[in-house]
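Encoded as structure tokens, the structure appears first; notes follow it.
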Amino acid sequence: MVRRFLTLSPVISRLNLNPGIFLAASPSLRLQRQNLKPKISPSSTSNFQRTRSYSTTTRVSSLPRSESWKLDDDGLVVLGIETSCDDTAAAVVRGNGEILSQVISSQAELLAQYGGVAPKQAEEAHSRVIDKVVQDALDRANLTEKDLSAVAVTIGPGLGLCLRVGVQKARRVAGAFNLPIVGVHHMEAHALVARLVEHELSFPFMALLISGGHNIIVLAHELGQYTQLGTTVDDAIGEAFDKTAKWLGLDLRRSGGPAVEELALEGDSKSVMFNVPMKNHKDCNFSYAGLKTQVRLAIEARDIDVKCPVSSATKEDRRNRADIAASFQRVAVLHLEEKCERAIDWALKLEPCIKHMVVSGGVASNQYVRSRLNNIVENKNLKLVCPPPSLCTDNGVMVAWTGLEHFRVGRFDPPPPAMEPDDYVYDLRPRWPLGEEYAQGRSEARSLRTARVHPSLTSIIRAADSLQQQTQIL
Ligand code: KG4
Ligand code: ZN
């Protein structure tokens, strides 16, 4: 089923961006696009070469600051494609932040059937709907591919099989219509979509990004430049919500998080005394594996028949399940609160002028999460920025918007060839950190799991910028 969202806001004023480099304005979109010269895109490979991956073709060319080009934000229109996990999403967004269309096809039935995301089935589901989702996004925007300035697509992190479907589609559209392409980091997109909804949100700011696979807290210095203050040493909070929902026999068709949130409203959040994870770790890292085990043991101890769906449970059984849901949610969020408090103190030492903390990713659509974190953030004299729930969970708008942000400053790849062979090896980054780890926040528990991790987005952009500076000097 294809879900459609209405335009969020007809006009959102131009953001307070400071790209440093201005790009050419021209009366026609197509001309405007042709005048743009690629600098290096977030997807461009520096020290992580692959054979036949498209990014290796990127030229590193300079955009002289002396050329006082001006950007016509309203004229830019970007198509964003997202397939990193279980949602097939596409959206068209204008440079001024206007959302022209948003389409999502979710794999809710598969999720309920397999009790989680099954990569092969998810890939097949993406392949079945991707053409229709993209076409719908263009139709609803009343545009054709010829009206686009660029195509943005998530290239990581995520499931390789799923990422491939989106990247292949993006490259086919870009190749056929001679459009530049921007490879987008999924977690950066979760953070930056907040700048589309809150026009006061300028760098530097903090972001807590909480989803099914990620639990990171970063300091965003500027576009593409992030310091990772903390991450999870095992599972992310969304995974803990999903497993709790599954073990409590809840309806997974809207994913586990909303089901737990809803049932928790009926329960007593102090009835089961779960331990708050990592109490003695004086860092900003997270851990949810132990809490998951505590939940499983609590369910077993209460003799809950998990094979019986909650909708058919007795009153007492339902009450037991609600108590566990509420107690789990309270402690899971308390863990976020404690780590966020410390992270804000660290961040204010590094960047004393930060004013905002973004909370985004699927779990940020939870009302309890939002209100508890709002208290923490306000106590530290910062302002919480949470995108609306439809922009917190995976969507194409965040990809289009992040693509726009990088495109504006000249970070994109040139159009791919019109025809690419079926066995073309795409540049996909299933494990791709967003920022460089803050030394004080490093965790021994995670250091064993760094094999086959792509260099971070921040390090790639930093390397590209310094290469560019050297080229200018020569
Ligand atoms: O960002 P997202 O849509 O996809 C990933 O990148 O993983 O996040 C999905 C996660 C799932 O674990 C889902 O259960 C969780 O976000 N989620 C929620 C809520 N809505 C979605 N968790 C708690 N409360 C919610 N209301
Ligand atoms: Zn996500």
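Atoms within each ligand, like the ligands themselves, are counted from 1 in listed order.
Taking the six-membered ring where tryptophan is involved, the planes of H186 and H190 are perpendicular, since the angle between them exceeds 60° and thus also 30°. Ring pair H335/F286 is perpendicular by interplanar angle, where above 60° counts as perpendicular and below 30° as parallel.
Residue nearest to atom 21 (C) of ligand 1, selected from P157, G362, G257: G362 (by heavy-atom distance). Residue G212 holds the heavy atom nearest to atom 7 (O) of ligand 1 of all those in C392, P389, G212. The option from N395, L252, D394 that lies nearest to atom 3 (O) of ligand 1, judged by heavy atoms, is D394. Within the set V260, D242, D87, the minimum heavy-atom distance to atom 11 (C) of ligand 1 is found for D242.
Heavy atoms of H190 found under 4.0 angstrom from ligand 1 belong exclusively to the side chain. Of all the heavy atoms of H186, the ones lying under 4.0 Å from any atom of ligand 1 belong exclusively to the side chain.
Looking at V399, V184, V134, T154 one by one, the single match for side-chain contact (heavy atoms from CB on, under 4.5 Å) with I81 turns out to be V134. Screening D303, V310, I304 for a side-chain contact (heavy atoms from CB on, under 4.5 Å) with D317, the sole residue that qualifies is I304.
Here the heavy atom of the protein found nearest to atom 24 (N) of ligand 1 is N366 ND2, 3.1 Å. Counting protein heavy atoms only, atom 26 (N) of ligand 1 is closest to E261 OE1, 2.9 Å. Closest protein heavy atom to atom 15 (C) of ligand 1: V363 CG2, 3.9 Å. Given atom 13 (C) of ligand 1, the protein heavy atom at minimum distance is S255 OG, 3.5 Å.
Checked for salt-bridge contact, E436 and R462 miss the test: no charged N lies under 4.0 Å from a carboxylate O. Using a 4.0 Å cut-off between a side-chain N of Lys or Arg and a carboxylate O of Asp or Glu, R254 and E262 qualify as a salt bridge. The pair D242-K246 fails the salt-bridge criterion, with no side-chain N (NZ, NE, NH1 or NH2) lying under 4.0 Å from an Asp/Glu carboxylate O. Ion pairing between R318 and E266 holds under the 4.0 Å rule for side-chain N and carboxylate O. Under a 4.0 Å N-O distance rule, the pair D234/K292 does not qualify as a salt bridge.
Close approach to G213 involves these atoms of ligand 1, each under 4.0 Å from a residue heavy atom: 7 (O).
Aromatic rings of F412 and H406 (six-membered ring for Trp) have centroids beyond the 6.0 Å cut-off, not under it.
Cation-pi check for R408 over W401 is met; the charged atom lies under 6.0 angstrom from the ring centroid and within 45 degrees of its normal.
Within the structure, the closest approach of P258 to ligand 1 falls below 4.0 Å when heavy atoms are considered.
Between G238 and ligand 1, a contact under 3.5 Å exists for at least one N or O pair.
Shown here are the protein N/O/S atoms lying under 2.8 Å from the Zn ion (ligand 2), water excluded: H186 NE2, H190 NE2, D394 OD1.
Using modelled atom types and a 3.5 Å distance limit, the side chains of D139 and Q135 yield a donor-acceptor pair.
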